Each structure stands twice: as structure tokens, then as C-alpha cells.
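Notes to accompany the following structure.
Treat the numbers as computed from the prediction; the structure is a model and nothing was measured.
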Amino acid sequence: MGRMVLEKVEKRFGDVTVIPPLDLEIEDGEFVVFVGPSGCGKSTLLRLIAGLEDVTGGVIRIDGRDATTVPPAKRGLAMVFQSYALYPHMTVRKNISFPLRMAKLDKAEQDRRVEQAAAVLNLTDYLDRRPGQLSGGQRQRVAIGRAIVREPAAFLFDEPLSNLDAALRVGMRLEISELHERLKTTMIYVTHDQVEAMTMADKIVVLHAGRIEQVGSPLELYRTPRNRFVAGFIGSPRMNFLEGPEARRHDASAIGIRPEHIMPSPNEGAWKGRVGVSEHLGSDTFLHVHMEGCADPVTVRSGGEVDMHHGDTIYMTPDAGHIHRFDDQGLRIA
Amino acid sequence: MATLHSRSAARAMMAPAVFLLLVWMLVPLTMTLWFSFKRYLPLRGGDLGWTGFDNYVRFVTSSAFWPSVQATLLIVGGVLLITVLVGVLLALLLDQPMWGQGVVRILVIAPFFVMPTVSALVWKNMFMDPVNGLFAHLSKFFGLAPLEWLSQAPLFSITLIVSWQWLPFATLILLTALQSLDREQLEAGEMDGAPPLARFLHIVLPHLAQAITIVVLIQTIFLLSIFAEIFVTTQGSFGTRTLTYLIFQRVLESQNVGLGSAGGVYAIILANIVALFLMRIVGRNLDA
Ligand SMILES: Nc1ncnc2c1ncn2[C@@H]1O[C@H](COP(=O)(O)OP(=O)(O)OP(=O)(O)O)[C@@H](O)[C@H]1O
Ligand SMILES: [Mg+2]
């Protein structure tokens, strides 16, 4: 129960168009991630779906019903905010039960649902504390708890993990994914972190300046990016782009090759270059190689213990099957 | 960096200011205390020697004491009630995006810069005057008999004048507090199904609680000593004699400095009790 259809949805602030007319379908139970650079309109789009912002044009359907002008509370959606937006003067229990109290549920049912959510989210010991006495990760869980007790048709998350440290972020990422497995409720998740997008999503929506650049599963976007923007945005470290003679050899105005699809070698290969900075991650080493005629260094992935140093000459062989070709519009050539 | 050296240097440099402040406060305080234990009637014999706690007992047992306490409480309570209620409403209004916001805000603050004597005179002569006042004209326009504000509703009139003066202060503090409320909390409330009134009661009001407390305490300290508004309007008649006004009458009209000083000491104690609460709340706020 959480199928959403956006038809020609558009948003303008004054005469600034933040989201040009856009179509999008979200299936029931899907985990959809909106990803894109800062300021591209992810939050705005999410807020349009939530009803916190009025659309300038277009229709939003939730479960087949036209919800364009329905107030936020009546859309049956729950939202988790980036700042958590917990009510600071209420205890964790009061925070979580707030939507239930507003819905005038009877006390026993309220308690049952709060206890249940607290058990799922490991918050049972903290129910009588206030948000100010919790750690960042615990606050995040309270915010999620407040969302799940309502048993909404869909969850909306706006960069929920961006205030957490790296280790906690990985943990919470797993917890949210697990929650999705358990509840099977539609989730729409906004992030600018493509790793979060790749690891969590069933379907990724790549946004750029309010437009949808591509919609697809993580691997689809990884394997067949529709244009240079998506190609550069999905994948870490980002794809290398080569223009000029090398691209012309492939009948394209630019070619893209991911660092993991280039074989480095100290003595032979198709391309020759000089090793610049190398980043040692233990499992992998990323070499930034300067090539004759290329402005940006090419990133190459190599094994963890590689014996190459700054200034060494290096040869590289791209994996022919993984070369992406783009025309002069930046669109993919099949 | 608070090293031992920088701290002692700081102390040495603050010393003159602290000294000045102490003298400034201690001299009048000591004199008040001094006189409060004396029988001192400047026009009727001057210093007539020590009397112990006689002045203190006489001050509270005089027939004017309890009515003055009552008048003080009514005025202070009334002003607090009006300024906080209207202040919250005004702050909510000014927080809305609207045209000419800057100008409106300055206009709202303006009464605070008018001297109490002036504003009381303006109210007395231009609004509340039973013949020429604006209110009189208004009631005549509606066919009613003009009210003699200062004699028929004296306490309410003074409360109104003082509230008008203190409303900007309350509004300003409450508006600042309101603006520090995280918008996402209100949006979360909206998503959680709370209608506007519930959002106000459950989210906005608790957020304002501390600001309201501070407004109440600061205003109480100042309102306990209002004087000019009474002096230029009713001169303490019609039951508007507050504690401060009673002290004034004891000292200047009855020329009994000792008795007035004893009243002053009571007022100091009262104000300090309120100040103590204020310090605690503000201090807790600063620690957090
Ligand atoms: N209320 C508003 N009035 C005018 N412009 C706005 C308003 N809200 C957002 N914008 C503009 O809309 C654009 C998209 O904003 P949005 O917050 O949706 O970006 P975002 O993709 O969520 O970015 P981030 O990753 O930094 O959160 C931005 O350029 C922003 O300046
Ligand atoms: Mg955002």
C-alpha cells in the first residue's frame, strides 16, 4: 500500500524553476533512492511528495488517489528529517507516541505500538530520556520510531544519516535496509552519497538540476549509465573520462572507463603515464596517473600491495568490454 | 587561555569597575539600612535616635500596607498577564512573512523608547481623558457615556498604560525565541497529524516556556518599582497606591525617612527573591 505516481510535477519558487515538469513511478514496497549533487532539488521533490510544499503544477497520486492537494497528515506518509526534528521537551516515549496521540488512539494500543517500535530499534532502555540525553544514532532511531508507529503507507527519509559519523552511518544503513526487509513498506530515501544509494536502493533516481537523469536499479546505472552525468556520479571512485584522439579511436566524442576496469602494469600496456598521488586503502590502491594529453589524472585501481611510487612510469590496459562511449551531447552511444 | 598570570591581570584591570559598582550600590543600600533603624523626621525634629525594628513593624502593621501589597500584586500580575498573552500573539504574527516586516517590527518596539512619564501623560490626556480623550470620543460615537478611566477603573487604566510600555520587551524576547524554533519540528508535527492548535500547544509553547519565564521575572523586577505612571495619573488615589508609592509617600509626604527606608528594605528583599530565581534560570540556560 504505497504506490506513488508523479505526473508532470513541477515546482517553482517565484520565477526560479527548481523542478521542471517530471514524471516518476514508485512501486509498492520499493526502496527508492533520490540521489544527486547538493542543490539539485532532492529535498524539494521529497517535500512535494510529503505535502510540506505545494506543487506548482502536475498531479501526485498515492495508491491511485489524487493526493496533490491533500494535507500532509492525511497522505499517510511518515517523514524522517535530516535534523531528526525530535520534540526536545518530550521524553522518547512521548516523542514516539506523539502521532498516535494526535490520532487519538486508545492508550493501550499506543503503549503496545511504542513498546514494539522501541524493541525493534533497541530503544527500550531510553524511553524515559529526553532527546538531549541521547547520542546521534539513538536520536536517529527515535525519529525512525516516531515514523514507524504510524504504520504509514510509505516512509520518506531526507538525508537521515548525514549527521552521523562514518562508522555509525554504515551501521544505520544496515538497520534501515533491514527495517525495509521486515516491513516491506515503500521507502523513499534522499541522499547525496552515492554509496548509500548503491547499497540500499532497489531503484535509484538520479537527479540533476531538478531533472531526472536516469531511473534504474543500482547495477543498471553502474553498467549502462545513460549519459556522462550519471556515469560520473555513480561509482566510487568516479569514472575516468578521456576526450581527444583516444575517444576518436572509439568513434565517440568522449569515452569513460572506471578505475576498476583498467589493468595497471609496470612494463607494458595500451596507455603510458606517470604515477602521481597513490591512495592506499589496504584492500585496494588507487593510483592517479598523469597521461600525456589529458588534463585530469586517470584513476586506476590496483591490488592492495602494489610497488609503484610517485614519478614511476606506468602502463595501463583498459578492459575493452567496459568502455562507455558518449556523443558530443554527453549521451551514451549504445 | 586562563593562565594564572592572565587571570590576576584581569582581576587588576576589573578592580576599578568593580569598586565603582560596589560604592554605587553599597552607599545607598547602607544608608537605607541605616535610616531604617532610626526615627528620622526631617521636618519634625530630625534624627531622634535608634528605634530598633520599630519602623519595620510599623510599616507592615499600618492600615495602608496590605492594600498596597494588593494593588502591587494586581498591577504586576495584570501587566504580566497582558504582556505575555498579547506578546505571544504579536510574536506569532510578526514571525509570519509579510510585507514591510522591518518597519512593522520597529513600530512594535517603539513604545519601549518612550519615557514612562511621557507615555503616562499621553495616555492620560489623549486617550483616557473623559472629555477630550480618544476613548471618550469613541464611546460617544457609539452613544455611550464616556468612562472616567482614571477614577472609575484606576487599576485597570494603570495596568493598561504599563502593559503598553512593556509589550515591546515581551514581544521582542518571545519573537527571538520563536525564530530559534527549528522549522523542521513544526513540519514533523504537521506530518504527525497535529492540527495548528496542537502544534502550538505541544511544540511552540514548550519552546517558548523559558523565554516566557525570563520575561516574567525580568518584568517583575521592574514592575515592582513602577512609579512615574502612578505619580502622573492617580497619585496613588483610588486604590492605586502600590508598595513603591507607599514608600514614596512615607518619605516625602509624611516626611518619615525611617519608616520609608524600612519599606525600601522590604522591597529590596522582595526584588532579590525574584532576581534569585531569574539568575538560576538564566544561569541554567547558559550552562546548557
Ligand atoms: N523556499 C525556497 N525558496 C527559494 N528557493 C528554494 C527554496 N527551497 C529550495 N530552494 C532552491 O531549490 C534548489 C533545490 O533545493 P533542495 O533543498 O531541494 O536541494 P537538495 O537537492 O536537497 O540539496 P542538499 O543535498 O544540499 O540538501 C536549491 O537551489 C535551493 O536554493
Ligand atoms: Mg536537501
Side-chain angles (χ1 to χ4, degrees), chain A residues 13-14 43 46-47 49-54 70-91 94-105 130-133 139 142-160 163, chain B residues 84-85 87-88 91-92 95-102 173-217 277-278 280-288:
Chain A
F13 287 111
S43 299
L46 196 71
R47 292 163 58 81
I49 295 174
L52 293 173
E53 214 75 72
D54 292 324
V70 175
K74 301 254 156 59
R75 297 193 183 192
L77 308 175
M79 183 146 166
V80 176
F81 293 83
Q82 180 172 357
S83 67
Y84 316 136
L86 300 177
Y87 311 124
H89 52 274
M90 295 184 201
T91 60
K94 285 265 164 64
N95 261 284
I96 297 180
S97 67
F98 186 74
L100 306 178
R101 282 186 280 146
M102 288 300 120
K104 305 218 162 52
L105 244 65
R130 299 199 176 206
Q133 303 164 311
R139 284 181 213 181
V142 176
I144 295 175
R146 192 173 60 184
I148 58 178
V149 286
R150 293 177 52 199
E151 303 179 352
F155 291 96
L156 311 176
F157 294 92
D158 190 357
E159 309 211 24
N163 290 341
Chain B
V84 168
L85 281 184
V88 169
L92 285 175
D95 194 35
Q96 307 296 320
M98 61 175 168
W99 189 81
Q101 205 164 34
I173 297 220
L174 294 171
L175 179 63
T176 318
L178 204 58
Q179 281 171 336
S180 73
L181 174 61
D182 181 8
R183 299 284 123 174
E184 287 196 344
Q185 270 181 41
L186 288 178
E187 289 176 348
E190 205 177 338
M191 294 291 295
D192 284 342
L197 187 65
R199 285 207 291 280
F200 175 75
L201 289 177
H202 288 105
I203 301 170
V204 179
L205 210 53
H207 178 78
L208 289 183
Q210 200 158 38
I212 291 178
T213 323
I214 288 174
V215 166
V216 166
L217 290 174
F277 280 103
L278 181 68
R280 279 194 169 186
I281 287 173
V282 175
R284 198 185 313 134
N285 206 17
L286 293 179
D287 286 344

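Taking NE2 from B:His207 and CG from B:Leu186, the interatomic distance works out to 9.5 Å, rounded to the nearest 0.5 Å.
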Q | Criterion side chain to side chain contact (heavy atoms under 4.5 Å, CB included) on A:Thr91 and A:Asn95, from CA distance to verdict | A | CA-CA 6 Å; A:Thr91 60; A:Asn95 261 284; over 6 Å; no

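Only the backbone of A:Ala78 comes within less than 4.5 Å of a heavy atom in chain B; its side chain stays farther off. Looking at A:Leu100, there are no atoms closer than 4.5 Å to chain B (heavy atoms on both sides), in backbone or side chain.
Within the structure, side chain to side chain donor-acceptor pair (under 3.5 Å) contacts touching residues 70-80 of chain A (residues at least two apart or in different chains) do not occur.
Of the possible polar contacts, none joining the B:Asp95 side chain to the B:Ala91 backbone as a donor-acceptor pair under 3.5 Å is found. The closest donor-acceptor contact from the side chain of B:Arg199 to the backbone of B:Ala194 lies under 3.5 Å.
Residues satisfying the salt bridge (Lys or Arg N to Asp or Glu O under 4.0 Å) criterion with A:Glu159, sequence neighbours excluded, are absent altogether. In this structure, the side chain to side chain donor-acceptor pair (under 3.5 Å) partners of B:Asp192, at least two apart in sequence or on a different chain, are A:Tyr87.
Listed by sequence position, B:Asp182, B:Glu184, B:Gln185 are the residues of residues 176-185 of chain B in contact with chain A, using a 4.5 angstrom heavy-atom cutoff.
Ranking A:Met90, A:Arg101, A:Arg47, A:Gln82 against chain B, the residue ahead of the rest is A:Arg47, based on heavy-atom pairs under 4.5 Å.
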